[in-house]
S.K.: 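Below is the structure I would like to discuss, written out as structure tokens.
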2 protein chains.
Amino acid sequence: MSSMTIEEVSTAPRMRAADRRELILEAATAVFGAKTYVGTTTDEVARAAGVSQPYVVRLFGTKEKLFISVIERAYGRLLDEFRRALPGDAEGRSERMGTAYTGLLVERGMLSVIANSTALGGEPEIGRVARAGFSEIWRFVREDAGFSAEETRAFMAQGMLINTIVGLRLTGDYGTETAATEVLDTCFVDSVEKARNLMPEAGEPW
Amino acid sequence: MSSMTIEEVSTAPRMRAADRRELILEAATAVFGAKTYVGTTTDEVARAAGVSQPYVVRLFGTKEKLFISVIERAYGRLLDEFRRALPGDAEGRSERMGTAYTGLLVERGMLSVIANSTALGGEPEIGRVARAGFSEIWRFVREDAGFSAEETRAFMAQGMLINTIVGLRLTGDYGTETAATEVLDTCFVDSVEKARNLMPEAGEPW
DNA sequence: TCTGCAAGTAATCATCCGATTACAACTCAG
DNA sequence: CTGAGTTGTAATCGGATGATTACTTGCAGA
């Protein structure tokens with residue numbers, strides 16, 4: 001009674017669990033994308049989402065289940081964007097889908113999470129989900145977009161090269177290093193600047 | 001004196017440090033390749049190499065420095081193989097180099113380690129080495145092998161797709177799943193069986 | 001032969017991290 | 001208005017892991 005203690009806002013503002021889940025998934029995508037699955041702690045995800053670490057674990061069960069939700073959501077978003085890129089002349093389809101892919105860079109960690117998932121085939125649970133995601137994309141490109149097998153191979157390969165550019169943080173070397181300059185120039189013919197602005201820099205995570 | 005205790009061979013057979021280093025690098029490549037950089041413990045590497053964990057740390061300083069040695073060695077081996085694939089008619093060069101790349105699968109973890117390194121551009125030290133490795137390969141393909149920029153892009157992209165096939169453990173789904181079957185058929189036209197035999201299976205690491 | 005360095009280990013430490021438990025506060029149906 | 005379910009946190013635990021320390025053993029050259 002003698003002293004009035006300041007009421008600290010120690011808890012996050014109330015929110016329905018479904019909304020909180022989505023918010024955590026968004027934050028988790030950014031953190032997992034920047035630091036890989038194994039390299040990320042549930043506490044970092046929690047802090048990025050503005051909640052406590054135990055709450056993240058309780059909402060998703062385990063870190064592994066959280067990551068599975070993250071990559072399922074990422075492949076889902078990718079399919080959404082590809083679907084939106086379908087309408088229009090068939091010749092421009094590949095380019096529109098490529099633009100849709102790099103456009104996902106604005107959603108932090110989205111591409112990196114997909115790239116990371118393709119390295120985790122050895123993990124029993126995560127591997128199954130990652131293979132399913134890859135297969136679904138392949139099937140979409142092949143059937144819904146109507147690419148030939150060879151066209152699909154080339155398209156997917158190009159996507160994996162873009163993942164590498166992002167993962168390696170090659171944009172920082174553009175202009176000063178030959179390989180980085182050329183790979184960016186050939187991958188993003190006349191949209192290099194736009195692509196560079198969307199990508200993470202070399203100085204650490206994202 | 002009353003009891004004769006069995007002399008346990010508790011220490012590894014003596015070896016010169018340089019040889020031991022190479023032996024550890026080989027084991028580390030396999031383990032890092034199977035479980036990623038962050039997911040691997042120095043103790044696992046030590047056991048795979050048949051030495052104690054502290055000795056691994058002492059020989060390389062830190063886990064990070066060990067991994068850097070591993071990826072430098074991997075890019076070096078890759079360049080060796082590419083060099084050996086150069087001689088001969090120019091039209092077959094791309095195919096010979098592709099074969100050289102998949103041939104590296106026999107050296108456990110080699111390709112996976114390279115793939116993993118391309119996701120670690122955010123790590124200050126490792127990122128620098130990984131970017132240098134990528135640049136060196138690009139430069140070789142471009143200058144020594146004489147590919148055009150566009151040919152180089154396509155060649156590298158194809159390599160990244162192969163990394164994905166390995167990382168996802170797609171070979172296990174060959175024949176039962178359409179996407180896996182098609183991607184393997186298009187990537188390894190008439191050498192699918194050979195490639196499958198070299199690749200890790202889905203059931204965990206390698 | 002002996003001695004000094006190189007090769008190697010056992011034991012241990014401090015830290016980190018995912019998970020569990022127990023509790024607090026908000027909200028809304030009856 | 002109340003009480004029960006939902007949203008959320010603080011505290012803490014046990015196991016793992018990278019690194020350090022202190023020690024042992026083998027070997028080659030003076």
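Residue numbers begin at 1 in each chain, while the letters A, B, ... track the order of the sequences.
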S.K.: Within this structure, what is the CZ-to-P distance between B/R47 and D/dG18, rounded to whole angstrom?
M.R.: 12 Å

S.K.: OP1 or OP2 of D/dT9 sitting under 4.0 Å from any side-chain N/O of A/Y55?
M.R.: no

S.K.: Please tabulate, for side-chain N and O atoms in residues 173-180 of chain B, each donor-acceptor pair with protein atoms closer than 3.5 Å (sequence neighbours left out).
M.R.:
residue : atom : partner : partner atom : Å
B/Y174  : OH   : B/D185  : OD1          : 2.7
B/T176  : OG1  : B/D173  : O            : 3.2
B/E177  : OE1  : A/S135  : OG           : 3.1
B/E177  : OE1  : B/A179  : N            : 3.2
B/E177  : OE1  : B/A180  : N            : 3.0
B/E177  : OE2  : A/S135  : OG           : 3.3

S.K.: Ignoring hydrogens and geometry beyond distance, is the side chain of A/R16 in donor-acceptor contact with the base of D/dT7 at under 3.5 Å?
M.R.: no

S.K.: How close or far is atom P of C/dA24 from atom CZ of A/R14, stated in whole angstroms?
M.R.: 15 Å

S.K.: Using 0.5 Å steps for rounding, measure from the CD atom of A/E22 to the CD atom of A/E26.
M.R.: 6.5 Å

S.K.: Considering only D/dA19, C/dT20, C/dT9, which nucleotide approaches the side chain of B/V57 most closely?
M.R.: D/dA19

S.K.: Sequence neighbours excluded, which residues qualify as side chain to side chain donor-acceptor pair (under 3.5 Å) partners of A/R96?
M.R.: none

S.K.: Do B/E151 and B/R142 meet the salt-bridge criterion of a basic N to acidic O distance under 4.0 Å?
M.R.: no

S.K.: Over how many whole Å does the gap from B/R20 atom CZ to D/dC27 atom P extend?
M.R.: 13 Å

S.K.: Rounded to whole angstrom units, what separation is found between the CG atom of A/D19 and the P atom of D/dT6?
M.R.: 16 Å

S.K.: Can you tell me how far P of D/dA10 sits from CD of A/Q53, to the nearest Å?
M.R.: 12 Å

S.K.: Donor-acceptor pair, distance only, cut-off 3.5 Å: does the side chain of A/R131 make one with the backbone of A/G121?
M.R.: yes

S.K.: B/L23 has an atom CG; how far is it from atom C1' of C/dA7, in whole Å?
M.R.: 14 Å

S.K.: Any side-chain to backbone donor/acceptor pair from B/T36 onto B/F32? Under 3.5 Å, distance only.
M.R.: no

S.K.: For B/F82, what residues pass the ring pair (Phe, Tyr, Trp, His ring centres under 6.0 Å) criterion, not counting sequence neighbours?
M.R.: B/F155

S.K.: Heavy atom of residues 58-74 of chain A under 4.0 Å from DNA chain D: which residues?
M.R.: A/R58

S.K.: Which residues within residues 37-45 of chain A lie with some heavy atom under 4.0 Å of an atom in DNA chain D?
M.R.: none

S.K.: Round to a whole Å and report the spacing from CZ of B/R21 to C1' of C/dA6.
M.R.: 15 Å

S.K.: What I want to check is whether the side chains of B/E150 and A/T186 have a donor and an acceptor closer together than 3.5 Å.
M.R.: no

S.K.: Not counting sequence neighbours, which residues clear side-chain contact (heavy atoms from CB on, under 4.5 Å) with B/A49? List them please.
M.R.: B/L23, B/I24, B/A27, B/V51

